[in-house]
Each structure stands twice: as structure tokens, then as C-alpha cells.
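Only one structure is covered here, and it is reproduced in the block below.
Residue numbering restarts at 1 for every chain, and letters A, B, ... go by the order of the sequence lines. Every value quoted in this text rests on a predicted model; they were computed, and no experiment measured them.
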Amino acid sequence: MSQEPTLSVLNALKNCFRVIERQQHNWSNNLAECTSLIISLGNLGEQLQSCNKVDFKGTPLQDFPQLKQRLTYKLNQALGVVLGKLADKLSALQVVRDSISNQVVSVFQLYENNSEKISLSASLRRLAVIPSLADMLEWLQDIDRFYRNQYLKRKLMLQMVSPENMSYIVELPKLWKALERQQEHNLTQETLMKIAFFMDSS
Amino acid sequence: MDVQSSGASSYSNRKPILNNSARKIKDNAADWHNFILKWDKLNDEGFKAANKAVNSKISKDAQTIANVELDCDGSSVTQKRSNVSETNQDLEECCTQLLEILGKMTRIVTKMEKLSLSIKAICDLEKFQHGETGRSIPLFNTWLTKQFDEVSSKLLDTYRQELSLKKTIIEEIAHTSDQDLMMTYLSAWLYQPYVEEGTKLLLESMLLETGHRTL
């Protein structure tokens, strides 16, 4: 059986991991920006909550006409601006997810096209510096799933933001952070470590 | 007197020569712009100070409660007291800073009043020269002179109202223990509820009309 199909899949894997490595930087940068925006969002939520709770009538602010409405309007406006920026960042995260997904799909297509030419033992064979094809394909799927999950969870989190649900907005920074903590056990980093020798090999 | 149109047509490369009223209005528009910039800068500085003041107030209140608890316990009260005096000092510093900022803001509004008055005076002069209907050819592009008066009066009202709000906030911010109210004072300071989007638009239109901004 010829070595060529195995080599072409290995090359595709190498390219794919390169893209993942690059996209992972994009992901972390965008995520960091998202986190600071989420903190602003929570802060605005707190301000709106306080403004709603305060009865202006009994305070020194009572003589200022329409102050409560005006302040609420301004705060909601600021909230809208932050949400707009977050939507931009979220689409940047989607771009990362899509480009990783596309790469993974193309590697799998190549493998499936050649699967008859690659024997089982060739798929499972591993060398000191090169993990087996089967392992690397599995890691790719894990990484793909990881980004899909992360993106979806964050998107859902932001979709639940509404002016009626201020306490949720106030809680959001905590929820967002909790999701980040799950990421601490960083799958992509670990996988990239495992394939470091493979990437350096020619 | 209407040199602008003839100047503009015969020497199209040169800047139009403005008559005295137009020059004064143009300078006024630039002053409005600069005062509002200064105001916004002071607003940011004031917010930082107010934020610090609120934080000191909160920690002071927390320490007072802790002290009461410690009094029952009878231990390490003296050390806590020195902390309280430190926060008191912080709070006082912030309030002094806020008062200074309020002073500067008050001076800006006084200058704004003068600007508004001088535009009113130009309108009066125009009435005297051209009668109730005013001049037939606008001083700049399209605005009647009284429109400048309307805009500057609107801007003045806005910043007067903001100044009075800020004065109240400074007077009260250190005297409440209601955290929601403190937060509201802070947001009312930062977001300037009486400065509407229209206010900035009016200013920009005035700058455009007087030639400070180009299309």
C-alpha cells in the first residue's frame, strides 16, 4: 500500500493545526475584549437597577424635571452601545469557529476520500514524534466541538439579555467568568503541545 | 456691510471677508465648542473624584459598622479608628477636589452666559439696523441671526441645568448611606442626562454654518 495518502492527510493535519494555532490567538484576543465589555454591561445593569430602585421624590433630586426618565434613557443608550460592540466581537468569535470548522471538515473529507487506501494499522501507527492519524483526527474533532460549544454558550448568554431582566445583566460578568474557568483546562493548548514535535518535523 | 457675498464671488480663492457681526458670531461658535470640550474634560475628572468619594464613603460606613461591633468586643479599636480617620481624610480630599471642579464648571457656565448675551446683543443690533425682519441676506450660508440666538440659548439652558444638577450631587453625595442613591448620583454625573444628542447636533450645525467645519 502506498505511503502517499497517509502523507497527504498528515500534511493536511499540519496545515489545519497551524490554522488552529493562529485562530486561537484571535479567539483569546476577542474574548479578552468581550470580557471587559461584559464587565461594563454588568456595571450599567447595576446603575439601571439602582436608578429604578431609588424613589426620586424623597431625594434631593426631586426638583429636577424628568431626571429619572432621562437618566434611564441615557443608561439604556449606553447599554445599547455596549451590546452593539459585543455583537461585533461575537461575530469575530464566530469567524474563528467557522474557520476552524472548515479546516477540520476539509481534513476529514480528505481522510474519508483516502480511507480505503490507508490501512487500519497505518491509521493507528504512532512514532516517537508523530501521534497516530486516528489520535490527531480525534483531537481535531474535540477542538472543533470545543469552539462550537463555547461560541454557542456565549451567544445564548448574550441572547438572554433584555431590559426586563436587569438582574441577569448584573449577574452576567460572573456567569461569563465561570465559562472562562471551564476553559482554563485549555484543550487547544494541550493538543498543540502534544503535536509540537510533529509540527516541527518536516 | 455685506462684504461676504461680494468678497466670496470676486476672490473665490480667499476666505470670505466677514462683517463684524459675522466675525463675532464665528468666534462665539468656536468659544462654545471649546467651552463644551473643557466641560466634558471636567466632567470626566469630576466623575473620577466622585467615584473615589463614594468608595471612601462606603468603606467608611463599613468601618463604622465594624467599629461598633468591635466596641462590644473591646479589642483593637484604636487601630480601626486610625483607619477611619484615613478614610475621612480621603473623603474630604475628594470633596475638596469636587468643589474645585464645580467652581471651574460654574466659571464655564458664566462665560457661556456672556456668549449667549453677546449673540442676543447682535440680534438687537440687527433689529436696530434692518428693522424687525432682520437682514435679508444671511450672515453665513442659510441661518438667520436669530437662529444663532436660539441655539446658544438652548445650549446655555442645557449647561445651566447640568450645573445645578452637579451642584446638588456634590452637596449630597457624601451625606447619604443609601448605596442605590449613591450609584444614581454617580450615573447622573457621568451620563449628563440633560445633555441630549440634539445638543451636540446643534453645536455641530452651528460650527458647520459658521465655517469651522466643512462638509
Problem set entry | Residue A:Leu44 versus chain B: region with a heavy atom under 4.5 Å |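 Side chain only.
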For this session: Against chain B, label A:Glu46 side chain, backbone, both or neither, depending on which of its atoms sit under 4.5 Å from a heavy atom there.
Result: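 Contact with chain B: backbone and side chain both.
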For this session: Please say which of B:Asp180, B:Thr184, B:Leu181 ends up in a side chain to side chain contact (heavy atoms under 4.5 Å, CB included) with A:Lys53.
Result: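 One option only clears the test, and that one is B:Asp180.
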For this session: Identify which of A:Asp63, A:Leu61, A:Thr59 forms the greatest number of heavy-atom pairs closer than 4.5 Å to chain B.
Result: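 Most pairs with chain B among the choices: A:Leu61.
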Closest non-hydrogen atom pair, [X] against [Y]:
{"X": "B:Pro193", "Y": "A:Leu67", "answer": "CG-CD1, 3.4 Å"}
{"X": "A:Pro65", "Y": "B:Tyr194", "answer": "O-OH, 2.7 Å"}
{"X": "A:Leu75", "Y": "B:Ser187", "answer": "CD2-CB, 4.1 Å"}

More than 12 heavy atoms from other groups under 6.0 Å of [atom1] on [X]:
{"X": "B:Gln89", "atom1": "CD", "result": "no"}
{"X": "B:Glu92", "atom1": "CD", "result": "no"}
{"X": "B:Lys41", "atom1": "NZ", "result": "no"}
{"X": "B:Lys154", "atom1": "NZ", "result": "yes"}

Problem set entry | Close side-chain approach of B:Tyr185 and A:Ser50, heavy atoms under 4.5 Å |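 Side-chain contact under 4.5 Å: no.
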Exercise. Is there side-chain contact between B:Tyr191 and A:Arg70, with heavy atoms separated by less than 4.5 Å?
Worked result: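 No, side chains not in contact.
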Exercise. Say you draw a straight line from CG of B:Leu190 to NZ of A:Lys74; how long is it, rounded to the nearest 0.5 Å?
Worked result: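 Between atom CG of B:Leu190 and atom NZ of A:Lys74 there are 9.5 Å.
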Exercise. Side chain, backbone, both or neither: which part of B:Thr176 has a heavy atom under 4.5 Å from chain A?
Worked result: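 Neither; nothing under 4.5 Å.
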Problem set entry | Contact origin within B:Glu197 toward chain A - heavy atom pairs under 4.5 Å |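 For B:Glu197, side-chain heavy atoms alone lie under 4.5 Å from chain A.
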